[in-house]
Amino acid sequence: MFIPQEVEKILFTEQEIKQRVKEMGAQLTEDYKGRNPLFLCVLKGAAPFFTDLIREMEIEVQIEFIRASSYIGTESTGDVRLSITEFPDIKGRDVVVVEDIVDTARTMSLLKKYLLDMSPASVKVASFLDKPSRRVVEDFRADYVGYSIEDHFVVGYGLDCDQRFRNLPYIGIFKT
Ligand code: 5GP
Ligand code: MG
């Protein structure tokens with residue numbers, strides 16, 4: 001298995017991730033039965049989780065992609081950028097935002113506000129990871145969470161450090 005020297009420890013193995021995503025898919029399938037939800041992938045980090053999660057959905061769903069970024073290296077800049085060209089039409093839709101990790105929650109709270117302005121039927125957030133101890137937007141909660149973790153900087157399964165390590169099939173703690 002490829003473990004770069006920058007990875008200190010594996011936090012979740014490929015098998016553990018697969019199992020957890022399966023469970024999340026089952027929950028979402030149950031909750032969205034008969035509603036034809038729109039799954040919105042927040043690029044780039046959520047891409048692996050997103051493609052795994054939608055294939056666990058045992059109902060009809062549609063997919064869209066947007067882009068957001070706020071990190072440089074391992075530091076959150078607090079300056080969240082949303083790429084809003086060709087924004088999907090979400091009016092009247094049940095939207096499930098699929099994210100890799102909620103940290104300060106600046107990104108998700110901003111995006112959620114932005115989406116709610118477009119008159120969707122509902123907006124929920126499914127994040128594979130959550131770091132509750134890092135919250136700046138204190139009242140923000142993701143509706144579906146794979147794992148809550150301690151304050152580590154993690155890479156793999158879509159998560160990067162300066163665009164590296166996104167392809168690792170596991171989630172590892174980055175050596176800082
Ligand atoms: P927030 O706006 O919640 O602070 O930041 C969320 C975004 O920051 C995530 O979508 C992710 O791109 C990035 N991020 C937050 N924590 C980590 C981490 O531990 N590792 C990596 N690679 N990215 C993180
Ligand atoms: Mg992200």
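Start at 1 and go down the list; that is how both ligands and their atoms are numbered. We use all heavy atoms of the structure for the numbers below, so side chains are in, but hydrogens, waters and symmetry mates are not.
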Chemist: Give a yes/no on ligand 1: does Cys161 have at least one heavy atom closer than 4.0 angstrom to it?
Modeler: no
Chemist: I'd like to know whether ligand 1 has Arg134 as a neighbour, heavy-atom separation below 4.0 Å.
Modeler: no
Chemist: Pull out every atom of ligand 1 sitting under 4.0 Å from any heavy atom of Lys131, numbered as shown with elements.
Modeler: 16 (N), 17 (C), 18 (C), 19 (O)
Chemist: Closest by any non-hydrogen atom to atom 20 (N) of ligand 1: pick that one out of Val154, Leu110, Leu159.
Modeler: Val154
Chemist: Using a 3.5 Å cut-off on N or O atoms only, is Val102 in polar contact with ligand 1?
Modeler: no
Chemist: With the 4.5 Å side-chain cut-off for hydrophobic clustering, are Phe50 and Tyr144 part of the same group?
Modeler: yes
Chemist: Enumerate the atoms of ligand 1 whose separation from the nearest heavy atom of Thr107 is less than 4.0 angstrom.
Modeler: 1 (P), 2 (O), 5 (O), 6 (C)
Chemist: Checking Gln27 against Glu23 for the side chain to side chain donor-acceptor pair (under 3.5 Å) test, could you report, in this order, the C-alpha distance in whole Å, the side-chain angles of both residues, the deciding distance, and whether it holds?
Modeler: CA-CA 6 Å; Gln27 182 67 57; Glu23 290 165 7; over 6 Å; no
Chemist: Would you call the rings of Phe174 and Phe165 parallel, tilted or perpendicular if under 30° counts as parallel and over 60° as perpendicular?
Modeler: tilted
Chemist: Ring centres under 6.0 Å, that's the criterion: do Phe12 and Tyr157 meet it?
Modeler: no
Chemist: Would one find more than 12 heavy atoms of other residues, nucleotides or ligands at under 6.0 Å from atom NZ of Lys175?
Modeler: yes
Chemist: Once you restrict to heavy atoms under 4.0 Å, what part of Asp100 touches ligand 1? Side chain, backbone, both or neither.
Modeler: side chain
Chemist: For Glu99, state whether at least one heavy atom is located under 4.0 Å from any atom of ligand 1.
Modeler: yes
Chemist: Has Lys112 got more than 12 heavy atoms of other residues, nucleotides or ligands less than 6.0 Å from its NZ?
Modeler: yes
Chemist: Evaluate the ring planes of Phe49 and Phe128, with Trp represented by its six-membered ring, and classify them as parallel (under 30°), tilted (30 to 60°) or perpendicular (over 60°).
Modeler: tilted
Chemist: Near Asp160, which atoms of ligand 1 are under 4.0 Å from a heavy atom of that residue?
Modeler: 21 (C), 22 (N)
Chemist: Heavy-atom contacts with His152 under 4.0 Å: which atoms of ligand 1 show up? List them by number with element.
Modeler: 19 (O)
